[in-house]
Amino acid sequence: MRLASSRAALAGLVLASAVAAKDVLYHWDVGYVNANPDGLFERRVIGVNGAWPPPELHASLNDTLVVEIRNSLDKPTALHAHGLFQNGTNYMDGPVMVTQCGIPPGANMTYRIPITQTGTYWFHAHYSAQYVDAIRTPLILHNPDEPHVYDEEIVLPLTDWYHDQSADLLNEFLSWRNPGGAEPVPKGALIANLGGNNTAKLSFEPGKTYRIRLINMSALAMFHFSIDGHTIRIIEVDGVYTEPTEVGNVQLAAAQRVSVLVTALNSTDNNYIFHADMDTDMFDNIPDTLNYNSTGLIEYSPSAPVKPSDVIDWSQFSDIDLVPLAKEPALGFDVTYTLDVHFSQFTDALNHGTFNNISFVSPLVPSMFTALTMGDDARNAEVYGKQTNPHLVDHLQDVQLVVNNFDAGHHPFHLHGHTFQLIARGPAPYDPTHNPRPSAAPMHRDTVVIPSMEYVILRFRADNPGIWLFHCHIEWHMAGGLNMLIVEAPDVMQQRIKVPQQVYDHCEWAGVKTKGNAAGREGLDLTGAPDGPYLYPFGWTTKAKGAMAGCILSALVGFCAIVWYGWSSKKSYHSLPVADNADDSIESEQLDSPAGKL
Ligand SMILES: *[C@@H]1O[C@H](CO)[C@@H](O)[C@H](O)[C@H]1NC(C)=O
Ligand SMILES: *[C@@H]1O[C@H](CO)[C@@H](O)[C@H](O)[C@H]1NC(C)=O
Ligand SMILES: *[C@@H]1O[C@H](CO)[C@@H](O)[C@H](O)[C@H]1NC(C)=O
Ligand SMILES: *[C@@H]1O[C@H](CO)[C@@H](O)[C@H](O)[C@H]1NC(C)=O
Ligand SMILES: *[C@@H]1O[C@H](CO)[C@@H](O)[C@H](O)[C@H]1NC(C)=O
Ligand SMILES: *[C@@H]1O[C@H](CO)[C@@H](O)[C@H](O)[C@H]1NC(C)=O
Ligand SMILES: *[C@@H]1O[C@H](CO)[C@@H](O)[C@H](O)[C@H]1NC(C)=O
Ligand SMILES: *[C@@H]1O[C@H](CO)[C@@H](O)[C@H](O)[C@H]1NC(C)=O
Ligand SMILES: [Cu+2]
């Protein structure tokens, strides 16, 4: 599948580089196929070139990864290389209505991504909740100068697995019938795309050391990974090398990656079980049929018995205690933003995730185009529209984000375009009069879990001009609005970023403008830009609140006839220019949903 071409895109880099960089080319025809990985239920999934799972992607440092997508679905799509900096290639990042329009059905898009990083990443759809339909695959970036020593490597993606289609799950989640915002609970877990009675098996040879690249490609579930009878050492987290750190088990939230080294035992007398247990804290109910403890087999010999589990080590370690191999001092900060995370009931009758009480709604113009076309006004955050919750940072500023999680669940937050240093963690809210004492060489990563009622302090240097999404990686929460924008150095973007014609063409097809502010207008005239949904207005009369409560109650028993004025605002932000068949009700509902276009 891998074809190398002799010419490299980054001519400048190639001149300076020791190893010949190459284009690594993949053709992906993205379309529907059927699959039954747990042996329990055959369902429609989104596959590649007529098969599922999609092929793994591999490239090396300084290569250019080229993935030519053909969209054979009946709806738009877009893909995101999770954790890649996309330095100078903001338009290849993937989130729809942030850096591109959806790739129309029947159209192609070539993602050309210069590889400046190494480690374990993944590639997934960034449109609606499409990746729940299994369009996701590991993306491994090899390092010709690998600092850790091992004999072989194993890529082990872990995912939760749903039997229903993502569009149906999303409609259930974002529904007035679900005022508490209970997330869809998966039917089980897949280890290396196998589940149910199809057990994943890893063959070990005595004495060999394996690098296992764990990737949590879940929509919801958090996993604990451990191997009976073996010790595991963490060496990489989210593409960042660490000093080898021995742990009893590895916790991975959605979108996080960890590489561990495991040295095989010297004897082939026994086989062993490895565990990938889903953390059930996030599940509102645990169906009797749900096996949340998934296991696989470490096989030394097909005839050997399985040595029963000793006690599983459930000790917790904190990622903030890891030490990166490349040590850099803690950044200071030139600008700090505090982000309070809540889930609340909104006037559109839905339960939305929010940063500072704003639930994300896509603008009418992809924000990257707003940055590129608004001249000096691009440095005024207002032009991106208030529903995108834009936070402006200037070129080369050191940025601090203080994130307080006031919700009852944990959330894995992901920043596009950067890794961030983990400066501090503690009980929320963070008290700004207490100076954090970061470690001398803080760990950094691209996705951080914040447990309920805790805060984290994150810092990064704004050295990558672009529009970068900051969001919870639980797919359901993202769809529910838990996203915001970091608008990084729009003035420098205007000098550096040259958008390929294809990206304009896709917007044109969808009737989406590629210039102007969030409303597609000039200057600060934001007439028609998305506005709302709103938190329950505090000024509401008791009677109105009673009507709303009654409405929610009756919604619970299946009907809701009262129309209150919250609904009337629906039209204004539901009227995004939608790319396709508006008469397909499920589809248009999904596309119209607040953040449905991401
Ligand atoms: C990758 O490119 C950088 C920058 O040009 C160069 O310093 C480095 O040696 C290259 N590394 C490899 C493995 O090609
Ligand atoms: C689109 O992609 C398909 C499949 O990868 C390829 O066969 C076709 O030539 C491409 N079309 C264009 C116009 O590039
Ligand atoms: C899976 O295995 C269990 C017992 O291990 C068995 O009861 C069940 O019937 C099996 N299911 C399928 C679909 O084979
Ligand atoms: C993957 O992430 C989800 C969501 O945070 C979590 O519930 C699940 O346990 C994780 N899986 C692993 C194997 O860590
Ligand atoms: C396996 O045997 C070698 C050589 O005797 C020894 O160095 C190594 O520690 C043993 N490995 C384990 C996991 O016991
Ligand atoms: C899953 O594993 C955990 C940890 O070993 C254990 O406490 C729990 O009882 C197991 N649950 C089931 C249903 O096997
Ligand atoms: C968000 O709304 C809650 C009430 O739902 C309020 O307590 C809180 O102060 C608000 N936060 C911000 C940052 O406005
Ligand atoms: C982006 O590239 C510039 C050079 O053009 C470099 O200074 C900066 O460190 C890079 N940032 C990231 C995040 O790769
Ligand atoms: Cu979340």
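First listed ligand is number 1; within each ligand, the first listed atom is number 1. Computed from heavy atoms alone, side chains included, the values below leave out hydrogens, waters and symmetry copies. Treat the numbers as computed from the prediction; the structure is a model and nothing was measured.
Atom CZ of Arg461 is surrounded by 12 or fewer heavy atoms from other residues, nucleotides or ligands within 6.0 Å. Counting heavy atoms of neighbouring residues, nucleotides and ligands inside a 6.0 Å radius, atom NZ of Lys515 does not exceed 12 of them. Other residues, nucleotides and ligands contribute only 12 or fewer heavy atoms inside 6.0 Å of the CD atom of Glu328.
Atom 7 (O) of ligand 2 is not flagged as protein-proximal [any protein heavy atom, distance under 4.0 Å]. By the definition of a contact as any protein heavy atom under 4.0 Å away, atom 14 (O) of ligand 2 is in contact.
Residue contacts with ligand 2 for Asn108 involve side-chain atoms from C-beta outward but no N, CA, C or O (heavy atoms, distance under 4.0 Å).
Ring-centre distance between Trp122 and His473: below the 6.0 Å cut-off.
Looking at Arg211 and Glu146, a side-chain N of the basic residue comes within less than 4.0 Å of a carboxylate O on the acidic one, giving a salt bridge.
Geometrically, ligand 1 and Asn62 share a nitrogen or oxygen pair separated by less than 3.5 Å. Checked against a 3.5 angstrom limit, the closest N/O atoms of Trp28 and ligand 2 fall outside it. Looking at Asn266 next to ligand 5, an N or O pair under 3.5 Å apart turns up.
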